[in-house]
Amino acid sequence: MNRLLLIAAASSALLLGCANPPRFVKKTPALRLLYRPRTTPFLGSPMFTFDIRRTWLGPKEIPGGARYLSRDRRSAISVAFHAQGSKEWKPPEEFRRTMRESGSVEDRHILISVEISSRPAQRAGFTTYSYDPEYLLGVKFDVLFTDIVLVPDPEGIFVAKLETPKPHYPHYLQDFLDVLHSLSLRTPKQMQEQ
């Protein structure tokens, strides 16, 4: 019996990254109990879905989408859809300009063309400094980094964002890229009617 549990534990450790476990795992009650996929899907919006690692806390509802926090609550990944005319919406050209202008002098201030869910998108990264108001200017501050992606849509804009302390950016970048790769956007009404 102990041998069977050891084999089950080893098998489940190998299968943690599988989204759909093999048939022998599904048929074995002990393995089914031990199986836990690496990611969990976000299905709370009719406009988009994505997968995020289970280590992220959330989702917390934000206008038009969802936000997940890292375990230390200092980093966040968010995805949102802002419909045309809503408070958070900006025309794509204005949003792109804001993306280019944000940040500090050491940033590149350029947009990178990417493809998200088979749609053209723009991506930018920028640094910001957060100063503690209880200290003299420059005595105590945090250096934050934002990686932001804009996907224009005929009915609004999709925005995906990673906000983290700059030293943590390399650590959380792969999690953000996994969200972007799994992001599935709703087909615009104009294309559905054709």
Side-chain angles (χ1 to χ4, degrees), residues 41-53 56-70 73-131 141-166 168-194:
F42 172 77
L43 305 170
S45 172
M47 301 302 290
F48 58 86
T49 63
F50 60 89
D51 292 332
I52 189 159
R53 288 190 186 202
W56 287 83
L57 307 172
K60 180 182 178 198
E61 193 174 318
I62 60 170
R67 179 180 174 103
Y68 285 83
L69 297 175
S70 62
R73 291 175 167 72
R74 295 185 67 204
S75 301
I77 292 177
S78 60
V79 179
F81 174 75
H82 304 302
Q84 210 169 14
S86 69
K87 190 171 100 173
E88 296 80 17
W89 180 78
K90 287 183 184 179
E93 221 21 76
E94 186 180 329
F95 201 94
R96 285 185 198 99
R97 186 174 48 254
T98 302
M99 289 169 62
R100 272 193 303 272
E101 293 171 354
S102 297
S104 58
V105 293
E106 70 262 21
D107 294 324
R108 295 183 358 197
H109 302 282
I110 60 170
L111 297 180
I112 300 168
S113 294
V114 294
E115 191 172 284
I116 303 294
S117 191
S118 300
R119 295 195 200 178
Q122 290 77 37
R123 182 175 174 191
F126 54 87
T127 308
T128 53
Y129 293 87
S130 174
Y131 296 97
F141 61 92
D142 290 322
V143 182
L144 306 172
F145 192 79
T146 302
D147 193 340
I148 188 168
V149 177
L150 167 71
V151 184
D153 185 82
E155 300 165 34
I157 55 173
F158 291 94
V159 179
K161 213 186 292 190
L162 168 64
E163 300 165 293
T164 184
K166 196 163 187 173
H168 297 178
Y169 179 69
H171 178 73
Y172 292 123
L173 176 59
Q174 188 57 53
D175 292 353
F176 183 57
L177 292 176
D178 290 345
V179 166
L180 294 177
H181 288 294
S182 67
L183 187 59
S184 178
L185 306 176
R186 183 191 64 114
T187 306
K189 286 181 184 175
Q190 295 171 345
M191 295 176 76
Q192 290 173 355
E193 294 169 358
Q194 293 178 356

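Since this is a predicted model, take the numbers as computed values, not measurements. Start at 1 with the first residue, then count along the sequence.
- Residues satisfying the ring pair (Phe, Tyr, Trp, His ring centres under 6.0 Å) test with F42, not counting sequence neighbours, are F48, F50.
- Listed by chain and residue number, D107, K166 satisfy the side chain to side chain donor-acceptor pair (under 3.5 Å) test with T127 (two or more places apart in sequence, or in another chain).
- For residues 77-86, no pair satisfies salt bridge (charged side-chain N to carboxylate O under 4.0 Å, His left out), with sequence neighbours left out.
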- Item | Worked check of side-chain contact (heavy atoms from CB on, under 4.5 Å) between L150 and I148 | CA-CA 7 Å; L150 167 71; I148 188 168; over 6 Å; no

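- By the side-chain contact (heavy atoms from CB on, under 4.5 Å) test, A121 is found to be paired with V114, I116, V149, V151, residues two or more places apart in sequence or in another chain being considered.
- Annotation: side chain to side chain donor-acceptor pair (under 3.5 Å) contacts involving residues 109-124, sequence neighbours excluded, comprise R96-Q122, R119-D153, R123-D147.
- Taking the ring pair (Phe, Tyr, Trp, His ring centres under 6.0 Å) definition, one finds that F126 meets it with nothing, sequence neighbours left out.
- Remark: S75 engages T164 in a side chain to side chain donor-acceptor pair (under 3.5 Å) (not counting sequence neighbours).
- The side chain to side chain donor-acceptor pair (under 3.5 Å) search around W89 returns none, not counting sequence neighbours.
- In this structure, the side-chain contact (heavy atoms from CB on, under 4.5 Å) partners of D51, at least two apart in sequence or on a different chain, are T39, P41, S182.
- For S70, the side chain to side chain donor-acceptor pair (under 3.5 Å) test picks out D72, with sequence neighbours left out.
- Applying the ring pair (Phe, Tyr, Trp, His ring centres under 6.0 Å) criterion to F95, with sequence neighbours excluded, gives no partner residue.
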